[in-house]
Amino acid sequence: MWRNLSAHEKNDTEFLADAVDRVLRDRGLRHLADRTLHDEAMIEPLVADALTTPQSPRHHAEGPFVEDHLLLMSQVLSAVLGEKLHLVDIEEFAALKGFEGEIEELEETLKENAALYETFVVCHDASKWATVYFDAPEGSGGRAAGFFDDSWAHRHDMGISERAKFRTRYAAMFETFRMERPELSMPEVQRQFYMTYGIDVHYAGHDRAIHSPVYRALLDRVALRRRLPPRDIDLLETLIAHHVDPIADFGSVNPAAILRYHALAAKYGYDADDFVDLLQGCLFLDTVCGSRFRSEKGIQNDPAILINFLRSEHDFAPWRRAEKECVREDKKKRARNVLFREAGLDGLGLMDLLRMEPGPKFGAVLAKIQSAIVDGAPIPKFTKAVDEQIEKRIDAYFNLVFPGGE
């Protein structure tokens, strides 16, 4: 579905953590997220297992289970789709001067690929249940309870029964801890549990596990319920397999890393720019918004990796950014022309209203009217009847631009 990149009028900015808090408080968005995930969990045991997988607050302070992570991602996606969250209104992105087009394009990528991203939310961490392992430092309560593993190889080779034993023990300890503190929120229970036991939760190779038959089959089923075509499902498999890679690659601005993603796109036959755009959307949902951390200011979100990714993309090939900006501007122009035509403000509609013939004189009048509408400048005056009709058509145009009454 076509969308107008300029449809949103910029509001006062809010910091990312405040925006995420606002999304979390929205009961309607929470209801949509609950329904999405729990409908899948009812028919997919792998999803149900993922929802109950533990997570620790160093990287996931949004709550004690993967369910909290997925619900937050789903709420953010619904907020973007429902025009309740605009990336250009986030202070950290608004402060990224010169990247306004990229931020708008990222939001449009999310909107234009809603089913793909909904599938990503459901499936990208499904294998955490099967790949989870626990570790705790020397002298901690968690180490005393047996939660430690000194062998990296063992973390990948640990058998199903051994993982299940540690999962069960961790879940029992956490539930006992929670029951003793009924007055606390779940994120606060998670924090205090971590402070008491120091147990970190990790997932060995959960990203690449999407290539295994069982998780690829899950992806197929979830995606087909959303009517995604086979090529998009293949693309999602690649995105999920590499969704954590930018965390290591873009801890700082790193233009050379962009070549890796172009090579990855070429390997599977994807357009490099489209692949990078889609991966940045995954990063926004998963790492920037869906993963929270604690600081002296409270629970926060960190957009730095995404910002470094955008800066790296620019520094890798500055001329490509100029080319993409031309494409974006052309798309905006064509989008406006569609709405001008529907509102009767295109060439034919105004030629008939103004009773003018085609030619340079009419072209100048048309350009002046349309530019005034786009720029918010005074509209040229004609007769009273014509002026009233133009005003009605302008109202119709803005009703099309802002269908929700924004």
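Count residues from 1 along the sequence.
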Applying side-chain contact (heavy atoms from CB on, under 4.5 Å), run through Asp271 and Phe275 and close with a yes or a no. CA-CA 6 Å; Asp271 177 85; Phe275 181 75; over 6 Å; no

Could you give me the CA-CA distance, side-chain angles and deciding distance for Val66 and His60, then say whether side-chain contact (heavy atoms from CB on, under 4.5 Å) is met? CA-CA 9 Å; Val66 171; His60 287 287; over 6 Å; no

side-chain contact (heavy atoms from CB on, under 4.5 Å) between Val288 and Asp302, worked out: CA-CA 6 Å; Val288 173; Asp302 187 2; over 6 Å; no

For Leu366 and Asp346: C-alpha separation, side-chain torsions, deciding distance, then whether side-chain contact (heavy atoms from CB on, under 4.5 Å) applies. CA-CA 8 Å; Leu366 175 65; Asp346 63 329; over 6 Å; no

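We find that Glu83 and Lys111 are joined by a salt bridge, their nearest charged nitrogen and carboxylate oxygen being less than 4.0 Å apart. Residues Arg227 and Asp232 are not paired through a salt bridge, judged by the lack of any N-O separation under 4.0 Å between the basic side chain and the carboxylate. Arg25 has no carboxylate O lying under 4.0 Å from a charged side-chain N of Asp21, or vice versa, which leaves the two without a salt bridge. Salt-bridge check for Lys392 with Glu388: failed, with every basic side-chain N at 4.0 Å or more from each acidic carboxylate O. Taking a cutoff of 4.0 Å between a charged side-chain nitrogen and a carboxylate oxygen, Asp220 and Arg216 qualify as a salt bridge.
The CG atom of Asn399 sits 12.0 Å away from the CD atom of Glu342 when rounded to the nearest 0.5 Å. Note: Thr287 OG1 to His59 NE2 = 11.0 Å, rounded to the nearest 0.5 Å. Rounded to the nearest 0.5 angstrom, Thr131 OG1 and His206 NE2 are separated by 6.5 Å. To the nearest 0.5 angstrom, Leu70 atom CG is 5.5 Å from Leu37 atom CG. Taking CG of Asp26 as the start and NE2 of His31 as the end, the distance is 12.0 Å to the nearest 0.5 Å. Rounding to the nearest 0.5 Å places OG of Ser74 at 12.5 Å from CZ of Phe120.
Ring pair Phe193/Tyr197 is tilted by interplanar angle, where 30° to 60° counts as tilted.
Remark: the backbone N or O of Ala377 is not paired with any side-chain donor or acceptor of Asp375 at under 3.5 angstrom. The backbone N or O of Val121 sits less than 3.5 Å from a side-chain atom of His124, completing a donor-acceptor pair. Between the side chain of Thr52 and the main chain of Asp49, a donor-acceptor pair closer than 3.5 Å is present. Using a distance-only test at 3.5 Å, with no hydrogens or angles considered, no donor-acceptor pair links the side chain of Asp207 to the main chain of His243. Proximity of a side-chain donor or acceptor of Ser56 to a complementary backbone N or O of Val201 within less than 3.5 Å is detected. When atom types are taken as modelled, the side chain of Ser312 and the backbone of Asn254 share a donor-acceptor pair closer than 3.5 angstrom. Without hydrogens or angle criteria, Asp352 side chain to Leu348 main chain gives no donor-acceptor distance under 3.5 Å. The closest donor-acceptor contact from the side chain of Arg393 to the backbone of Gly344 lies under 3.5 Å. Ser212 contributes a side-chain N or O that, together with a main-chain N or O of Ala209, makes up a donor-acceptor pair within less than 3.5 Å. Looking at Arg178, its side chain never comes within 3.5 Å of a backbone N or O of Val189 through a donor-acceptor pair.
Side-chain contact between Ile90 and Phe15 is absent, with no heavy-atom pair separated by less than 4.5 Å. Leu306 is not listed as a side-chain neighbour of Phe250, based on a closest heavy-atom distance of 4.5 Å or more. Taking 4.5 Å as the limit, every side-chain heavy atom of Tyr215 sits out of range of all side-chain heavy atoms of Ile240. Within the 4.5 Å cutoff, no side-chain heavy atoms of Pro380 are placed close to those of Val365. At least one side-chain heavy atom of Ile373 sits under 4.5 Å from a side-chain heavy atom of Phe398. Proximity of Glu91 to Glu14: side-chain heavy atoms (C-beta onward) are nowhere separated by under 4.5 Å. Side-chain contact check for Thr238 versus Tyr270: some heavy-atom pair is nearer than 4.5 Å. Contact check for Pro246 versus Leu279: side-chain heavy atoms found under the 4.5 Å cut-off.
When all heavy atoms of Cys282 and Tyr117 are compared, the pair lying nearest together is N-CE2, 3.6 Å. Closest approach of Leu345 and Tyr397 over heavy atoms only: CD1-CB, 3.9 Å. Across all non-hydrogen atoms, the minimal contact from Leu350 to Phe362 is C-CE1, 3.9 Å. Here the shortest heavy-atom pairing between Gln300 and Ala17 reads OE1-CB, 3.8 Å. Looking at every heavy atom in both residues, Arg292 comes nearest to Leu24 through NH1-CD1, 3.5 Å. Contact between Ala126 and Leu218 at its shortest, heavy atoms only, is CB-CD2, 3.6 Å.
Annotation: cation-pi pair Arg181/Phe177 present, NZ/CZ under 6.0 Å from the ring centroid and within 45° of its normal. Taking the ring axis of Phe166 as reference, the NZ or CZ atom of Arg169 stays within 45° of it and closer than 6.0 Å to the ring centre.
Applying the 6.0 Å contact sphere to CE of Met195 captures no more than 12 heavy atoms from other residues, nucleotides or ligands.
Between the side chains of Asp245 and His242, a donor-acceptor pair is found at a separation under 3.5 Å. Between the side chains of Asp135 and His202, no donor-acceptor pair is found at a separation under 3.5 Å. Donor-acceptor pairing under 3.5 Å is lacking for the side chains of His69 and Gln55. There is a side-chain donor-acceptor pair under 3.5 Å between Tyr261 and Asp249. Looking only at atom types and distance, the side chain of Glu313 has a donor-acceptor partner in the side chain of Gln280 under 3.5 Å away.
Under the side-chain contact (heavy atoms from CB on, under 4.5 Å) criterion, Ala79 pairs with Val23, Leu29, Lys84, Leu85, sequence neighbours left out.
Within the structure, salt bridge (Lys or Arg N to Asp or Glu O under 4.0 Å) pairs that include any residue of residues 58-78 comprise Arg58-Asp200 (at least two apart or interchain).
The side chain to side chain contact (heavy atoms under 4.5 Å, CB included) test with Arg225 is passed by exactly one of Asp39, Thr119, Ile43: Ile43.
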